[in-house]
Amino acid sequence: MRKFWVIFVASILILLPFLCSSFSPDTPTDRRVLVLLDDFAIKSSHSSYFNSLKSRGFDLDFKLADDPKIALQRYGQYLYDALILFCPSVERFGGSIDVAAIINFVDSGHDLVIAADVNASDLIREVATECGVDFDEDPSAMVIDHTGYSVSETEGDHTLIASDDFIKSDVILGSKKITAPVLFQGIGHSLNPVNSLVLKVLSASPSAYSANPKSRLSTPPSLTGSAISLVSVVQARNNARILISGSLSMFSNRFFRSGVQKAGSTTKHEKSGNEQFLTELSKWVFHERGHLKAVNVKHYKVGETNEPALYRINDELVYSVEVYEWSGSSWEPYVADDVQVQFYMMSPYVLKTLSNDKKGLYSTSFKVPDVYGVFQFKVEYQKLGYTSLSLAKQIPVRPYRHNEYERFIPTAYPYYGAAFSTMAGFFIFSFVHLYNK
Amino acid sequence: MAAPETSTAAVPTLYTNNTLRNAFGGVLSFFILLLIGVMAFSIRLFSVIKYESVIHEFDPYFNYRVTQFLAKNGIYEFWNWFDDRTWYPLGRVIGGTVYPGLTLTAGTIWWLLNSLNIPLSVETVCVFTAPIFSAFASWATFLLTKEVKGTGAGLTAAALLAMVPSYISRSVAGSYDNEAVAIFALIFTFYLYIKTLNTGSLFYATLNSIAYFYMVCSWGGYTFIINLIPMHVLLCIVTGRFSSRLYIAYAPLVVLGTLLAALVPVVGFNAVMTSEHFASFLVFIILHVVAFVYYIKGILSPKMFKVAVTLVVSVGLAVCCAVIAVLIALVASSPTKGWSGRSLSLLDPTYASKYIPIIASVSEHQPPTWPSYFMDINVLAFLVPAGIIACFSPLSDSSSFVVLYIATSVYFSGVMVRLMLVFAPAACITSGIALSQSFDVFTRSIKFQLPGISSNTEVDAAETSSATAEAQNDAVKTEKSEETSKNRPSKKSKKKEKEEKPSTKAKAEKRLLALPLDSSVISLLLLILLGAFYVVHCVWAAAEAYSAPSIVLTSRSHDGLHVFDDFREAYGWLRHNTDVDDKVASWWDYGYQTTAMANRTVIVDNNTWNNTHIATVGTAMSSPEKAAWEIFHSLDVKYVLVVFGGLVGYPSDDINKFLWMVRIGGGVFPHIKEPDYLRDGQYRIDSQATPTMLNCLMYKLSYYRFVETDGKGFDRVRQTEIGKKHFKLTHFEEVFTTHHWMVRIYKLKPPKNRIRGKTKKSKSKTSSTSSRGKRSGSGKKNPWQ
């Protein structure tokens with residue numbers, strides 16, 4: 001093991017120059033994943049999930065959460081592209097990892113998967129809070145749903161929930177519809193509605209609430225109804241993606257395999273939707289889907305090809321940009337009809353939808369407004385599930401030069417006439433006045 | 001056309017007696033003038049010797065940058081220059097908003113020197129433009145005063161002007177500002193006007209228009225000329241001094257001058273549309289009416305003339321009333337009555353402080369204090385009244401102009417300290433006249449009474465060289481007035497001529513007015529002492545008071561000289577450590593320097609053309625951190641620069657300017673209210689300060705980490721301990737602070753990568769419900785960490 005470790009570090013060191021940025025522009029998909037576990041039993045009990053990751057080419061590195069040797073970075077370079085926290089009960093991470101380290105890991109553009117559970121530790125809650133997700137503060141509370149539970153042989157306490165309230169996004173959950181409900185057993189969390197970065201992927205039904213199933217409910221539960229989110233994702237401003245689930249067991253082989261029948265429903269599914277749901281979600285979280293890049297921003301005057309240093313007011317110009325989407329293995333043209341460009345100076349003076357040629361090239365042409373100043377070509381493309389594109393290119397717009405105005409204006413001909421006739425008249429007058437004697 | 005010929009023809013006949021003497025006088029005055037020029041140049045070099053050859057202050061940096069552009073790209077590019085590095089994102093059309101005179105002058109000098117294979121840098125040329133032009137200005141003063149009162153007065157006035165502190169303050173080497181060339185242009189235009197008035201030559205009238213054009217190119221102060229000259233013309237008409245010379249002096253100036261002025265892009269149609277120029281047109285009309293009346297009077301019999309007058313007056317009055325009514329209606333329809341803000345604040349000194357804080361905020365637009373008169377013109381203040389009296393004996397067209405010039409400029413200098421500069425030449429001219437006349441009187445008295453010399457011929461004994469010139473001038477005038485007496489139909493002037501005619505008799509009387517010997521000797525000595533005091537004061541002012549470049553500061557303490565070079569340190573840091581397209585926000589005072597020295601885009605600068613934009617920056621500076629961050633972020637600002645003098649006691653820092661930011665910001669954005677920043681009407685930053693004050697961005701950026709310097713946070717400018725000592729910045733981070741903390745540069749933090757949840761970090765264990773209520777961020781110190 002130790003030898004392997006040395007080799008691993010050595011290979012990392014050799015690869016260091018190539019691993020400097022997390023999403024290299026060529027392949028945004030993560031490769032090296034650190035999995036922190038409470039105990040190694042999870043490795044086998046959740047092997048289906050891990051195997052699906054491995055089969056897609058991920059390099060999983062399993063460690064105990066309190067292993068004193070774990071580290072996210074070495075010599076200022078991150079050793080991993082993503083982190084999976086399957087350690088809901090850990091009170092302190094081993095090694096150099098703490099909340100700040102994890103947050104920095106995310107802030108430098110890496111991905112994170114957090115699975116909490118009943119009695120989730122403060123540490124895990126804190127990480128979740130930093131990401132914008134608030135778990136129910138009652139440590140023993142679980143999500144209970146007396147109408148949306150999963151029918152099973154034993155009449156339980158209705159904490160095993162079958163939910164099919166997914167987010168409607170093909171980008172996040174894949175284009176294939178998830179037919180079977182997803183089994184969930186764990187704690188719920190709430191999102192701040194003003195937080196635009198966090199999305200509720202799987203939400204509880206309106207009849208759900210969060211409380212301790214073992215004790216009587218004395219006060220109204222703090223979290224109720226569809227305000228409870230079961231699984232959420234966060235896409236940070238730097239496009240790092242975070243998956244937060246209130247249940248670790250939903251990743252387990254047992255839940256993956258078990259059949260499901262939602263209470264009140266007659267259809268019994270042979271297999272729960274967990275596997276499809278979580279696999280598709282992991283594709284999104286690890287940037288196998290929904291990752292856009294914009295390249296080759298060009299602008300030029302109509303009829304020219306070179307990019308000018310500045311435009312003149314009322315010039316006709318062409319703006320084009322190529323947008324590609326990462327398919328998991330290659331960059332494919334991104335096709336959409338809602339990419340817009342702004343010609344912006346404190347407020348957009350021109351707002352135009354770009355037309356695309358289905359090969360990734362988006363372009364439009366417009367007339368520079370009759371206002372001079374320092375403008376920007378701005379593309380702010382934020383679409384559900386996709387990484388946000390934010391392009392800004394500064395371009396000054398100058399007024400007419402002194403010799404670009406019209407020399408003779410037709411409406412001014414009376415004035416020209418007046419000026420010249422006055423001159424002629426004065427000349428004649430002087431001539432007559434001087435030589436008339 | 002006839003007048004100049006006769007005058008030159010008259011000179012030789014008069015000179016026959018003492019040609020040699022006059023030749024000596026001419027050579028002597030030439031050398032004196034040369035020396036005056038050398039002195040005017042060299043007295044302004046203290047700044048280069050004491051500091052270095054560097055551009056001073058704020059505006060000169062802009063002029064320097066423009067000149068560099070001109071030297072590099074040529075005049076057409078300069079004319080069409082759209083500058084995208086200032087007033088982001090609006091930009092500024094430099095060619096159309098700048099008075100190009102100074103830049104073109106320096107650019108031409110540079111080009112000329114380079115084509116002569118003298119490779120000087122643009123900066124060197126810019127640094128020395130002002131001293132060169134002050135030499136020109138003193139020569140122009142000589143010419144002007146000579147036209148008024150003769151060579152002696154001219155030389156004295158030139159010497160006085162060469163070293164008047166008020167002018168030195170604006171024209172030391174490195175003070176590369178419009179005024180440097182504009183004062184020369186102003187005096188030279190006046191000289192050509194007087195010259196035209198004295199000679200009636202159309203040639204000089206044309207030159208006058210061209211000089212006026214140069215003045216319009218150089219400085220907005222040209223409106224002073226185009227109002228003063230009409231005033232003088234009106235004065236001449238009212239006092240019955242109308243003559244064809246007056247017509248020639250004025251009419252071509254208005255027509256040609258206005259046409260030429262309209263060619264300057266920054267003036268353009270303003271030359272005919274704004275109220276500043278109306279006076280000249282009105283007087284132009286009056287002049288023509290008067291000329292026409294004189295013409296009619298000449299061809300009609302007196303009886304017919306009376307009939308014609310009543311007819312014309314009644315019709316004319318009606319027409320005039322109608323025209324004036326229309327004019328008034330037009331002018332009144334515009335909100336500022338057609339006047340620009342600066343001009344209005346000249347007419348009503350309280351205007352700016354009431355309505356336009358941005359004009360009132362500039363220190364050079366404030367009224368001067370009494371000591372500043374003594375500082376800036378020194379003994380001239382006492383000599384000016386004597387000079388005015390001298391101008392009245394006898395009162396000629398030209399001397400009445402000098403009186404008018406000094407009267408108006410005294411008023412204007414009392415309104416705006418900056419216009420002391422216009423007042424200084426007038427003071428020098430009148431003082432020169434006064435000094436020269438009194439020297440004249442005293443030396444003549446001495447000569448007349450000294451036994452050895454009195455035995456000489458009467459004419460020789462009475463006249464020193466200056467007196468010769470003066471007498472000769474008088475004689476020329478008498479001759480001329482006799483020649484042109486038919487052109488002066490006014491009764492008053494005719495009467496005057498009758499008095500002037502027996503000039504030889506008057507001279508004889510003058511000689512009888514000789515003072516006693518001893519008193520004249522003592523007075524002479526006292527006058528020389530006065531002059532010496534003036535020279536000492538001027539040299540001191542040039543060396544100590546006015547040669548600091550203001551970007552480098554020095555202070556002398558018991559342990560030697562301290563040099564504060566913080567500004568250039570900060571601008572150098574910006575130039576080397578920030579991206580080329582980064583935007584730097586600061587109060588507008590530092591805009592020109594930032595673009596010129598750091599080569600970074602600024603939001604506002606010293607060309608305060610857009611009040612809203614400046615108010616936006618003022619609002620940001622007076623807002624709490626978060627609001628300020630949002631304002632700056634919306635303007636794409638990357639860095640914020642503040643000037644802080646609390647550590648070294650530099651009084652003109654941003655905290656002392658802060659109330660103007662509040663006022664200007666509040667003028668546009670009413671949620672900024674000045675009383676919020678004042679405790680009981682007092683501006684303070686100690687523990688008594690208002691919470692608004694202690695939480696505004698300017699306070700925080702100025703005093704961030706200040707307590708770490710001495711443990712108490714004692715501000716040496718305000719002489720107090722600051723109110724809020726320990727605080728952290730949430731939306732800004734300090735990136736650079738100069739050696740003496742005079743310039744502090746902050747960077748805007750990027751927007752948060754994540755948005756935190758509601759739950760509080762530390763309290764979540766203990767009390768879950770109480771932490772609910774609290775908003776995120778309020779308790780946490782730094783959500784960005």
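Below, chains carry the letters A, B, ... as their sequence lines are ordered, and counting in each starts from 1.
Proximity of A:His402 to B:Tyr76: side-chain heavy atoms (C-beta onward) are separated by under 4.5 Å at one or more points.
Interface residue A:Gln376: only side-chain heavy atoms are found under 4.5 Å from chain B. Heavy-atom distances place no part of B:Asp83 under 4.5 Å from chain A, backbone and side chain included. For A:Val371, no part sits under 4.5 Å from any heavy atom of chain B, backbone or side chain.
Annotation: B:Phe292, atom CZ; neighbour count of heavy atoms from other residues, nucleotides and ligands within 6.0 Å does not exceed 12. For CG of A:Leu391, the number of neighbouring non-hydrogen atoms (other residues, nucleotides, ligands) closer than 6.0 Å is greater than 12. Other residues, nucleotides and ligands contribute only 12 or fewer heavy atoms inside 6.0 Å of the CD atom of A:Glu406.
For A:Asn238 against B:Asn753, the heavy-atom pair with the smallest separation is N-OD1, 2.8 Å. The two residues B:Arg754 and A:Glu130 have their closest heavy-atom pair at NH1-O, 2.8 Å. Closest heavy-atom contact between A:Met346 and B:Pro89: CG-CG, 3.4 Å. Nearest heavy-atom pair across A:Tyr400 and B:Asn80 is O-OD1, 4.5 Å. When all heavy atoms of B:Asp581 and A:Gln394 are compared, the pair lying nearest together is OD1-NE2, 4.2 Å.
If you take SG on A:Cys131 and CD1 on B:Ile755, they are separated by 12.0 Å, rounding to the nearest 0.5 Å. The distance from the CD atom of B:Glu77 to the CZ atom of A:Arg401 is 4.5 Å, given to the nearest 0.5 Å.
Aromatic ring pairs are classed by plane angle as parallel below 30°, tilted from 30° to 60° and perpendicular above 60°; the pair A:Tyr372 and B:Phe82 is perpendicular.
Here A:Asn195 is the residue among A:Ile242, A:Val194, A:Val106, A:Asn195 with the most heavy-atom pairs under 4.5 Å with chain B.
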